[in-house]
Amino acid sequence: AGDPLPPGAIARLGTTRLRHGGGVTTLAFSPDGRLLASGGEDGAVRFWDPATGRPLGRPGDLLSGVLAIAFARDGKTMAAACSGKGSTGGLDGILLWDMTGNREGPALEPGPDDNVYALAFSPDDRLLAAGGAGGDVGLWEAATGKKIAGWKAHSDCVWYVAFSPDGMTILSVGPGGGVGLWSVATGKAIDVSHDPDASAVAAAFLPDGTLATADGDGTILFRELPAGRELRRQRLTTPATRIVVSPDGALLVCGVSTQLWAR
């Protein structure tokens with residue numbers, strides 16, 4: 001694949017591209033799709049060219065495992081969650097990185113108390129939501145790092161968060177099938193027809209605001225918000241473990257065991 005060989009070697013089985021010093025724990029594409037960011041157990045965030053697999057640099061070691069990565073919609077800011085302090089000691093849990101100046105951004109005040117497993121920027125890039133091991137969802141101003149809200153979302157932990165397309169609602173998913181919908185303005189639970197203690201294991205918003213949830217029995221339900229009215233359902237042969245939607249809404253991709261299912 002064009003990788004340099006060490007002295008004395010005549011061939012390589014495989015390639016050195018897209019490799020960390022430890023297991024890869026999280027991935028995120030930049031909004032324009034030209035950059036792939038990865039985080040790993042080696043405590044590093046690395047940038048790659050997704051078309052060629054060539055490394056494009058790294059913002060620095062976080063000194064501990066990287067648990068989640070998210071990009072702002074304008075591509076100017078990256079957030080990375082780790083289980084320790086940032087490379088300059090300015091953060092505890094989440095590193096904000098200025099992609100335009102290639103430097104560390106503002107510190108979160110105060111930082112999360114627990115490991116953070118989920119990050120999401122609001123559609124206008126003004127807010128950063130984080131969910132972690134304590135079951136809380138927190139909201140920070142992305143530009144200043146100031147915490148503006150936080151609430152208990154799940155009894156155990158939060159492993160997925162997302163903003164609705166209009167930025168008014170936050171979706172959270174926790175272990176045991178818990179799915180929560182929360183008002184960004186108040187932090188209060190939104191009363192919809194779904195059961196927060198149901199068997200959902202993954203969820204995502206479609207661009208039109210429709211909520212898709214994947215239940216543990218292999219059913220994907222599509223609901224209209226805020227009323228919660230069921231629009232349709234799709235049966236899978238194997239339960240989905242994660243749902244992602246393409247930016248244009250044309251594709252719904254589900255992680256099914258070791259495979260991807262797209263519609």
Side-chain angles (χ1 to χ4, degrees), residues 17-22 24-112 115-132 138-148 160-163 165 167 170 184 204-205 207 244-248:
R17 301 181 189 187
L18 299 172
R19 286 191 179 180
H20 273 264
V24 177
T25 55
T26 183
L27 296 167
F29 277 99
S30 62
D32 61 8
R34 297 180 180 179
L35 181 73
L36 176 65
S38 62
E41 296 173 348
D42 57 353
V45 173
R46 301 173 188 265
F47 298 143
W48 313 91
D49 182 339
T52 66
R54 294 188 180 277
L56 299 177
R58 53 196 288 183
D61 292 339
L62 306 187
L63 307 183
S64 59
V66 181
L67 305 175
I69 296 174
F71 281 98
R73 303 293 179 94
D74 62 9
K76 296 179 179 180
T77 306
M78 179 192 72
C82 57
S83 54
K85 294 183 180 295
S87 57
T88 64
L91 300 174
D92 188 5
I94 299 178
L95 171 72
L96 293 179
W97 196 260
D98 180 354
M99 298 292 291
T100 60
N102 195 28
R103 62 182 182 271
E104 198 166 326
L108 299 184
E109 301 174 356
N115 285 347
V116 172
Y117 299 128
L119 295 168
F121 283 92
S122 60
D124 60 4
D125 291 337
R126 188 176 64 87
L127 301 176
L128 175 69
L139 283 179
W140 285 264
E141 290 182 346
T144 64
K146 179 182 178 182
K147 187 172 185 178
I148 60 174
Y160 180 75
V161 292
F163 282 87
I170 287 180
V184 173
F205 280 113
V244 293
V245 181
S246 60
D248 61 2

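Sequential numbering from 1 along the given sequence is applied to the chain's residues. Quick note: numbers below take in every heavy atom, side chains included, and nothing from hydrogens, waters or symmetry partners. All of these numbers come straight from a predicted model, not from anything done at the bench.
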Exercise. For Pro31 and Ala72, which heavy atoms make the closest approach, and how far apart are they?
Worked result: CG-O, 3.1 Å
For this session: Please name the pair of heavy atoms, one in Ala118 and one in Val161, separated by the smallest distance, quoted to 0.1 Å.
Result: CB-N, 3.6 Å
Problem set entry | Side-chain heavy-atom pair Val45, Ile69 within 4.5 angstrom cut-off | yes
Seminar exercise, completed: What one should report as the nearest heavy-atom pair of Ala28 and Phe71 is O-CE1, 3.7 Å
Problem set entry | Matching residue for Thr144 among Lys147, Lys146, Glu141 - test: side-chain hydrogen bond (donor to acceptor under 3.5 Å, both in side chains) | Glu141
For this session: Determine, step by step, whether Phe121 and Met78 satisfy the side-chain contact (heavy atoms from CB on, under 4.5 Å) criterion, reporting the C-alpha distance in whole Å, the side-chain angles of both residues, the deciding distance to 0.1 Å, and the verdict.
Result: CA-CA 9 Å; Phe121 283 92; Met78 179 192 72; over 6 Å; no
Problem set entry | Within-4.5 Å side-chain heavy-atom neighbours: Leu127 and Val184 | yes
Problem set entry | Any pair counted as side-chain hydrogen bond (donor to acceptor under 3.5 Å, both in side chains), so long as it reaches residues 118-130, sequence neighbours left out | Ser122-Asp124
Problem set entry | Nearest heavy atoms of Ala120 and Ala162, plus distance in Å | CB-CA, 4.1 Å
Exercise. Roughly how far, to the nearest 0.5 Å, is CH2 of Trp48 from CG of Leu36?
Worked result: 9.0 Å
Exercise. Mind checking what makes side chain to side chain contact (heavy atoms under 4.5 Å, CB included) contact with Ala68, not counting sequence neighbours?
Worked result: Ala81, Leu119
Exercise. Within a strict 4.5 Å, meaning less than it, do heavy atoms of the Arg34 and Phe29 side chains meet?
Worked result: no
Problem set entry | Note, Met99 side chain near Thr77 side chain (heavy atom, < 4.5 Å) | no
Problem set entry | Under the side chain to side chain contact (heavy atoms under 4.5 Å, CB included) test, residues paired with Pro123 that sit two or more places apart | Arg73, Phe163
Exercise. Below 4.5 Å, heavy atoms only, C-beta onward: do Leu95 and Glu104 meet side chain to side chain?
Worked result: yes
For this session: Name all residues meeting the side-chain hydrogen bond (donor to acceptor under 3.5 Å, both in side chains) criterion together with Arg103; count only those two or more places apart in sequence or in a different chain, and write none if there are none.
Result: Asp98
For this session: Please round to the nearest 0.5 Å and tell me the distance separating atom CG of Leu56 and atom OG of Ser30.
Result: 9.5 Å
